Amino acid sequence: MELLSFKSDFSGRGGRGASGGRGAFRQDGDIEGRRSFGGGDWYRGRDEEVFSRGLQKDGEEKEGGTSAGAKVSYIPPPPPEEENAVFAHYATGVNFDKYDDILVDVSGSNPPKAIMTFEEAQLCETLNRNVAKSGYEKPTPVQKHGIPIISAGRDLMACAQTGSGKTAAFLLPILQHLMSNAAASSKFSEVQEPEVIIVAPTRELIYQIYLEARKFAYGTCVRPVVVYGGTNTGFSIREVLKGCNILCGTPGRLLDIIGRGKVELSKVRYLVLDEADRMLDMGFEPDMRKLVNSSGMPSKEERQTLMFSATYPEDIQRLAACFLKVDYLFLAVGVVGGACSDIKQLILQVTKYSKREKLLELLKTTGAERTIVFVETKRYADFIATFLCQEDVPTTSIHGDREQREREKALSYFRTGRCPVLVATSVAARGLDMEHVQHVVNFDLPKDIDEYVHRIGRTGRCGNTGRAVSFFDPQSDTPLARSLVKVLSGAQQEVPSWLEEIAFSAHGTSGFNPRGEVFASTDTRRGASFLKDHTPQPSQSTAVGPDEDWD
DNA sequence: AAAAAAC
């Protein structure tokens, strides 16, 4: 097996909660030398380094084994942003126009009229040019409705299916506002006063949002900055101090930098929670409370708060309302918590012991097409990735116990196709937008149906089609059966009869996951409990049919 | 019991 080069170093692991001591499984596969998956050395020069800026200043040797055997021991600062790199984008798929057929529902008082084109968004010239250069021709539903809502100064809870353009829906109106008020113009200062704070639940996702912000802000005086853990704190701070209008971050590092007094929050006009339901669940909710209660942070009445996700469990919706003005608008594109119908979903019944064999079989048929394999634990991610490498499937992996630079390298290798198979934990479940991901495999099904919807949403993006294969082990996955059937039928997918039977007989069994069962098909304010608790005035709802009839 | 997120 000398063909494979497994590194066993796991020194200096950045993350918290490193579980340690499993060096033997640390495949870092990324099989070296002998293969050339999708392209020689070129990627080494650019995207990886730009992505890893701040991770290491020098001295760290990049992974060996380029065909040239070249060692890169110093990473030069990236060249001034090249337009082509900034505006790189991929093509919309054959089903892009089908977005027009999706049912859109806006509830809350006096929603503004939707726009039909980007021209109607009345963006300034620079922004329009950036939109065009990004390859955007026509707004998606969440953009058609979200942009005017945000421009009108309203708070928003938006639910739109995976891959349907939520990021641009909030970035464009925010940038337009910053431009038109000419308030935003970045300059060095020991204390920065950003106008916008954006948070997301994983480091890679916030980086992706930052890249979008940088793209749309190109050629303007607005400077977006990204900060997240696993990187040098000093670097984060220096980047912030250079000038910061839009501060993107994961909660920990963001609060850290705020706590150090580098960022003053009184100028914040927009607070954006991407993957809002995750940001408000048990893990992150305390941090979000800390953020909105930080000194200087304008109250919800004085700022605009925007939340985006593809899923919104009802309990989380009620919690989210605490962060929003009482007259916030609720925007639902398609079924709340629903899967994208461009994804063909297959469920295979397996046993714990047949999974690995099935996976191999599957990957042999998918060949070099890109596949994300989701597993339940970090430990198993290492194990499966190692297994696949040994079976000659070029594989890399991403999970929270890997060093940040390993995580970023893994994504880079996957994106470039050097490793067309990515084994991942739920760290990669949400928001990541990668081109050419044809397949998602749920090697282990998640406990939570929302997680399932997000995971399979890594494929079938932007009107492209994709396939999601899930291994269903009745021994462990029965609690998910009912909600799974619901998602499948909601996305016009075939429901295997064996699954239907399991779902039927699972009805009423104990240990049922309540989150798995319930969908918020609408704004919770329509429910009696909410009206009783929070809303003095009844909310008015406007159901909107396919496309234009929105007046 | 697991995953994510600051040092």
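Predicted model, so just to flag it, every value in this text is computed and none were measured. Chain identifiers are assigned alphabetically (A, B, ...) following the order of the sequence lines, protein sequences preceding nucleic acid strands; residue numbering begins at 1 within each chain.
Nucleic acid contact class of A:Ser426 (heavy atoms, under 4.0 Å, all strands): none.
Taking a cutoff of 4.0 Å between a charged side-chain nitrogen and a carboxylate oxygen, A:Asp450 and A:Arg278 do not qualify as a salt bridge.
Protein atom CE of A:Met282 is 17 Å distant from nucleotide atom P of B:dA5, rounded to whole Å. For the pair A:Lys378 NZ and B:dA1 C1', the computed distance is 12 Å after rounding to whole Å. Spacing between atom CD1 of A:Ile237 and atom P of B:dA6 amounts to 14 Å, rounded to whole angstrom units. What separates CE of A:Met288 from C1' of B:dA6 is a distance of 13 Å, to the nearest Å. Per the geometry, CG belonging to A:Asp444 stands 13 Å off C1' belonging to B:dA3, to the nearest Å. Rounded to whole Å, atom P of B:dA4 lies 21 Å from atom OH of A:Tyr207. Spacing between atom CD of A:Glu204 and atom P of B:dA3 amounts to 16 Å, rounded to whole angstrom units. Distance, A:Glu285 CD to B:dA3 P: 22 Å, rounded to whole Å.
Screening residues 264-295 of chain A for ring-ring contact (aromatic ring centres under 6.0 Å, His included), with sequence neighbours left out, gives A:His177-A:Tyr270.
The side chain of A:Arg379 places no N or O atom within less than 4.0 Å of a non-bridging phosphate oxygen (OP1 or OP2) of B:dA1. Contact between the side-chain N/O atoms of A:Lys447 and the OP1/OP2 oxygens of B:dA3 is not found at any separation under 4.0 Å. Residue A:Arg203 has a polar side-chain atom (N or O) positioned under 4.0 Å from OP1 or OP2 of B:dA6. For B:dA4, the OP1/OP2 oxygens have no side-chain nitrogen or oxygen of A:Thr250 closer than 4.0 Å.
Under a cut-off of 6.0 angstrom, the local environment of NZ in A:Lys300 is crowded, with over 12 non-hydrogen atoms contributed by other residues, nucleotides or ligands. Taking a 6.0 Å sphere around CZ of A:Phe188, one finds it holds more than 12 heavy atoms contributed by other residues, nucleotides or ligands.
Among B:dA3, B:dA6, B:dA4, the nucleotide with an atom closest to any side-chain atom of A:Asp256 is B:dA6. The side chain of A:Pro251 lies closest to B:dA5 when the candidates are B:dA5, B:dA4, B:dA2. Checking B:dA2, B:dA4, B:dA6 against every side-chain atom of A:Tyr228, the shortest atom distance belongs to B:dA6.
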Distance-only donor-acceptor hits, side chain of residues 255-264 of chain A, under 3.5 Å, sequence neighbours excluded:
from     : atom 1 : to       : atom 2 : distance (Å)
A:Asp256 : OD1    : A:Arg260 : NE     : 2.8
A:Glu264 : OE1    : A:Ser266 : N      : 3.1
A:Glu264 : OE1    : A:Ser266 : OG     : 2.5

